[in-house]
Asks: 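Input: one structure, supplied below.
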Amino acid sequence: MAAWKSQYPPELTIDIVLAGRSNVGKSSLINRLVNRKALARTSSSPGKTRTLNFYSVNDAWYFVDLPGYGYAKVSHSERDAFKKMVDTYLETPRPREIWQLIDARHKPTDLDCQMSAYLRSVGIPYLIVATKADKLSKNELAKQKRVILRELELDESQLMVFSALNGMNKDALLERIDRYISAGQEI
């Protein structure tokens, strides 16, 4: 856990940074991808992540779990502190890609759209990961993918659907990380 730059762990090959609303499934994604049930703690109550949580994977790369955005029960001063903490981390030179997680069951929120626009503007490689895909039928998922692509102004290569429950696209996400590590270049 880190709140200040001095607390960041040593740089590894890449940081896979997870951004998204509270309870979108960031911890579940981490646990599924590393095959551990409780590496990252999941919670039924939103807003539990209050720091940058670095999870080292095989001493080769990190998942970095950011505090969830959009949680209403956080004070303005706490929200400002989260923003400063995240901005400082993102402005610190480290190899990284940001995965913005959104709930596949719903149209992206205004905050999701703002985050996506921010990611486009800062020039950090990013991917949109639509979570909870197992909760939709094949037809509903196809419809939601079109909505997400349109609302976030994406092309299909920038979107991956995922399910922590059944592992949908787990291998594709891990291959994405492996390509970076193997090639030593941008994803």
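Note that the structure is predicted; figures quoted are calculated from it, not measured.
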Asks: Going by distance alone, is a donor N or O of one side chain under 3.5 Å from an acceptor N or O of the other, for Thr109 and Asp112?
Replies: yes
Asks: If only side-chain N and O atoms count, and only distance matters, is there a donor-acceptor pair under 3.5 Å linking Asn31 with Ser28?
Replies: no
Asks: Has Gln158 got a side-chain atom pairing as donor or acceptor with Asp155's backbone, closer than 3.5 angstrom?
Replies: yes
Asks: Taking CG in Asp59 as the centre, count heavy atoms belonging to other residues, nucleotides or ligands within less than 6.0 Å. Is the count above 12?
Replies: no
Asks: Parallel under 30°, tilted from 30 to 60°, perpendicular over 60°: which one fits the rings of Phe63 and Trp99?
Replies: perpendicular
Asks: In the single-linkage hydrophobic clustering (I, L, V, M, F, W, Y; side-chain heavy atoms under 4.5 Å), do Tyr118 and Leu52 co-cluster?
Replies: yes
Asks: When clusters are formed by joining ILVMFWY residues with side-chain heavy atoms under 4.5 Å apart, either directly or through shared neighbours, do Tyr126 and Leu149 land in the same one?
Replies: yes
Asks: Charged N to carboxylate O below 4.0 Å: is that the case for Arg176 and Glu97?
Replies: yes
Asks: Scan Lys83, Arg21, Gln114 and name whichever one has a side-chain contact (heavy atoms from CB on, under 4.5 Å) with Tyr69.
Replies: Arg21
Asks: So which atom in Glu151 and which in Cys113 form the shortest heavy-atom distance, rounded to 0.1 Å?
Replies: O-SG, 3.9 Å
Asks: Between Asn139 and Ser137, do the side chains contain an N or O donor and an N or O acceptor separated by less than 3.5 Å?
Replies: no
Asks: What I'd like to find out is whether the side chain of Leu90 reaches to under 4.5 Å of the side chain of Val122, using heavy atoms alone.
Replies: no
Asks: If I compare all heavy atoms of Pro67 with all of Val86, which pair ends up nearest, and what's the gap?
Replies: CD-CG2, 4.1 Å
Asks: Could Arg96 and Tyr89 be counted as a cation-pi pair, given that NZ or CZ must be under 6.0 Å from the ring centre and within 45° of the axis?
Replies: yes
Asks: Where is the tightest heavy-atom contact between Lys26 and Gly20, given as atom of each residue plus distance?
Replies: NZ-O, 3.8 Å
Asks: Write down the atom of Leu154, the atom of Ile128, and the distance for their closest heavy-atom approach.
Replies: CD1-CG1, 3.5 Å
Asks: Where do Pro93 and Glu11 come nearest, in terms of heavy atoms and distance?
Replies: O-OE1, 3.5 Å
Asks: What about Leu173 and Val34, same hydrophobic cluster or not, with Ile/Leu/Val/Met/Phe/Trp/Tyr joined at side-chain heavy-atom distances under 4.5 Å?
Replies: yes
Asks: Verify, without hydrogens or angle tests, whether Ser163 (side chain) and Leu165 (backbone) share a donor-acceptor contact under 3.5 angstrom.
Replies: yes
Asks: Answer yes or no: is there a donor N or O on one side and an acceptor on the other, between the side chain of Asn58 and the main chain of Ala60, under 3.5 Å?
Replies: no
Asks: Check whether more than 12 heavy atoms from other residues, nucleotides or ligands sit under 6.0 Å from atom CG of Asp87, and answer yes or no.
Replies: yes
Asks: Give me the one residue out of Leu119, Val147, Ile102, Leu159 that meets side-chain contact (heavy atoms from CB on, under 4.5 Å) with Leu152.
Replies: Ile102
Asks: To the nearest 0.5 Å, what is the distance between CD on Gln144 and CZ on Arg105?
Replies: 10.5 Å
Asks: Would you say Met160 and Ile16 are hydrophobically clustered, going by side-chain heavy atoms of ILVMFWY under 4.5 Å?
Replies: yes
Asks: Are Ile30 and Met168 connected, step by step, through hydrophobic side chains (Ile, Leu, Val, Met, Phe, Trp, Tyr) whose heavy atoms are closer than 4.5 Å?
Replies: no
Asks: Is Lys145 atom NZ crowded by more than 12 heavy atoms from other residues, nucleotides or ligands, each under 6.0 Å away?
Replies: no
Asks: Looking at Thr13, is its backbone amide N or carbonyl O close enough to the side chain of Tyr62 to form a donor-acceptor pair, meaning the two atoms are under 3.5 Å apart?
Replies: no
Asks: How close do Ser157 and Leu127 get, heavy atom to heavy atom, and via which atoms?
Replies: O-CD1, 3.9 Å
